[in-house]
Enquirer: 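This is the structure, below, for whatever I ask next.
Throughout, protein chains are lettered first and strands after them, A, B, ... in sequence-line order, and every chain is numbered starting at 1. None of these values were measured; they are calculated from a predicted model. Side chains included, hydrogens not; waters and symmetry mates left out as well; all remaining heavy atoms used.
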Number of protein chains: 2
Amino acid sequence: MKEEKLLRKILEDNHLRITKTRLFIFNLLQNNEPQSIAELVDRSTTKVDRVSVYRILDLYEKLGIIKRINIGWKYKLELSDIFLDHHHHISCIGCGHMVAIKEEEELEDLIDNLGKAAEFVLTSHQLELQGYCAKCQKRQKKQSAQPLRAI
Amino acid sequence: MKEEKLLRKILEDNHLRITKTRLFIFNLLQNNEPQSIAELVDRSTTKVDRVSVYRILDLYEKLGIIKRINIGWKYKLELSDIFLDHHHHISCIGCGHMVAIKEEEELEDLIDNLGKAAEFVLTSHQLELQGYCAKCQKRQKKQSAQPLRAI
DNA sequence: AATGTATTGCAATTTTGTTGCAATAATATA
DNA sequence: TATATTATTGCAACAAAATTGCAATACATT
Ligand SMILES: [Mn+2]
Ligand SMILES: [Mn+2]
Ligand SMILES: [Zn+2]
Ligand SMILES: [Zn+2]
C-alpha cells in the first residue's frame, strides 16, 4: 500500500482531507486499466454520487495524481487516408495551431515493431504531440520579461 | 475538385444521395484543420441543423470518408507518472484488453526530434495503438473457419 | 414534370456535465 | 474523548451534448 501513502501525503501537503470517497476513487484508479469517466461513475454508483466523482477527478487532475490519455480535446475529425496521406500532428497549446507531421518511415517501423513485440496485429494508431510553437515561444519570452503590473 | 469527385463516387456506389448538406460538411472537412464536432456544428449553423451534422458525420465515418484522431474513447484516466512510469498503450479492439508499452528510448528520441523539426517545445505526447491481441487472433481464425449458418 | 423514397429539420428526450446549497464527515484543539 | 470548525459530500436544479421519432422536403429515377 505504498501508493496510498503517497496519495495521503499529497492530500495532506495541500491541506485537503483524506476521505472515504477520495480513497475509494483512488482505489478504482489503481485497480483498473485506464478508464473513462463513465466507467468510473459506473463503478462508483451506490458508493459515491456522480457529482463527487467528477469533483474528485477534477481535483486529482489538478494535483497531478491522474492524467488524461488523449488530452486537449475529446477527438477531432479529419478526412481519412483515402483523401489524405497517413500523418500525425503537433498542436500548440498556446494558440491552438496544428501542424501535420508527414509520414516518417522510421517512426512507422518502430510502431510496427511495438505491435509485434506484444503479439498484436495492428489496425491503427495515433500519435499526437503538444507543445509551444515558435511564435508562442517568442511571445512567452517577451511577456515574462515584462515587469509585473501592480494591481 | 478531385476530392469531391471521389466523395460523389463513394456516395453513388453506396446508393446514397448527393445532397447540398453532405457537400457542405465535406467542404468544411476539406478546408479546415482537424475539427471537433462542436466546431463543425458551429461552422454549419444557419446552413445545417445540428442533428444533420451528427448524422452526416456518423455516415462519413461508416463510409471511411473521415476518421477520428484519438479513436475508441473520448479519453481515459490513469494515474500519472508520479505513480506510473511514462508509457503508452496497445488496446485490443476485439476484447478491449489494454497492454502497457514500457518506455522505449528510441521512440521517445524520435518524438523529440519531430518536435525540434517543427520548432516546437514539446510538453506532452500520446501514442496509442489498436489491433487484435493474440487470443482474439486465434478466436477470429476459428470463427472464420466455421461454415455460415443459414438464417 | 411526376413519383417514390432517402434525407433533413424540428420537437421531444436522454445522457453527460455543472452549480448552489444544506447536511455530513473529517480534522484541530480543548 | 468530546466539541467546534469547516471542507466535503449528496441532492436538486440546471445547462450542454447527443439521440430518436416523425412529418416536411429534396433528390434521383422514370
Ligand atoms: Mn491531419
Ligand atoms: Mn497505462
Ligand atoms: Zn502557438
Ligand atoms: Zn483481444
Enquirer: So, do A:Thr19 and A:Phe24 sit near enough that their side-chain heavy atoms are less than 4.5 Å apart?
Expert: no
Enquirer: I need the CG-P distance between A:Asp49 and C:dT16, as an integer number of Å.
Expert: 15 Å
Enquirer: A:Ile37 has an atom CD1; how far is it from atom P of C:dT16, in whole Å?
Expert: 11 Å
Enquirer: Compare the minimum distances between each of C:dT19, C:dT16, D:dT19 and the side chain of B:Val51, then state the nucleotide with the smallest one.
Expert: D:dT19
Enquirer: Could you check which of D:dA18, C:dG17, D:dC22 has an atom nearest any side-chain atom of A:Arg50?
Expert: C:dG17
Enquirer: How long is the line joining CD1 of B:Ile25 and C1' of C:dT7, in whole Å?
Expert: 13 Å
Enquirer: When rounded to the nearest 0.5 angstrom, what distance separates CZ in A:Phe26 from CD1 in A:Ile65?
Expert: 7.0 Å
Enquirer: Mind running a 4.0 Å heavy-atom check of residues 15-24 of chain B against DNA chain C and sending the residues that fall below it, in number order?
Expert: B:Leu16, B:Arg17, B:Thr19, B:Thr21, B:Arg22
Enquirer: B:Tyr54 has an atom OH; how far is it from atom P of C:dT13, in whole Å?
Expert: 19 Å
Enquirer: Closest approach to the side chain of A:Ser52, judged atom by atom: which nucleotide of D:dT9, C:dC10, D:dT19 is it?
Expert: D:dT9
Enquirer: Tell me, do A:Thr21 and A:Val53 make a side-chain contact under 4.5 Å, heavy atoms counted?
Expert: no
Enquirer: Would you check if the side chain of B:His88 reaches a backbone N or O of B:Leu127 as a donor-acceptor pair within less than 3.5 Å?
Expert: yes
Enquirer: Check for a donor-acceptor pair, side chain of B:Glu39 on one end and backbone N or O of B:Ser36 on the other, with a separation under 3.5 Å.
Expert: yes
Enquirer: Apply salt bridge (charged side-chain N to carboxylate O under 4.0 Å, His left out) to A:Lys9 and A:Asp13, showing your working.
Expert: CA-CA 6 Å; A:Lys9 189 179 152 28; A:Asp13 289 354; 2.7 Å; yes
Enquirer: Between P on D:dG10 and NZ on A:Lys47, what's the gap in Å once rounded to a whole number?
Expert: 12 Å
Enquirer: With distance as the sole test, does A:Glu119 use its side chain to make a donor-acceptor pair with the main-chain N or O of B:Cys133 at under 3.5 Å?
Expert: no
Enquirer: Is the number of heavy atoms from other residues, nucleotides or ligands within 6.0 Å of CD (A:Glu106) greater than 12?
Expert: no
Enquirer: Just by distance, do the side chain of B:Asn14 and the backbone of B:Leu16 share a donor-acceptor pair under 3.5 Å?
Expert: no
Enquirer: Between B:Asp42 (CG) and D:dA18 (P), how many Å, whole number?
Expert: 12 Å
Enquirer: Just the rounded figure in Å: distance from C1' of D:dT25 to CZ of B:Arg55.
Expert: 13 Å
Enquirer: Taking any heavy-atom pair under 4.0 Å as a contact, classify B:Val48: base, sugar-phosphate, or nothing.
Expert: sugar-phosphate
Enquirer: When you get a sec, tell me which of C:dC21, D:dA17, C:dT8 is the closest nucleotide to the side chain of B:Ile56?
Expert: C:dT8
Enquirer: When the C1' atoms of the five terminal pairs at each end define the local axes, what inter-axis angle does the helix from C:dA1-D:dT30 to C:dA30-D:dT1 show, to 10 degrees?
Expert: 40°
Enquirer: Round to a whole Å and report the spacing from CD of A:Glu12 to P of C:dA26.
Expert: 15 Å
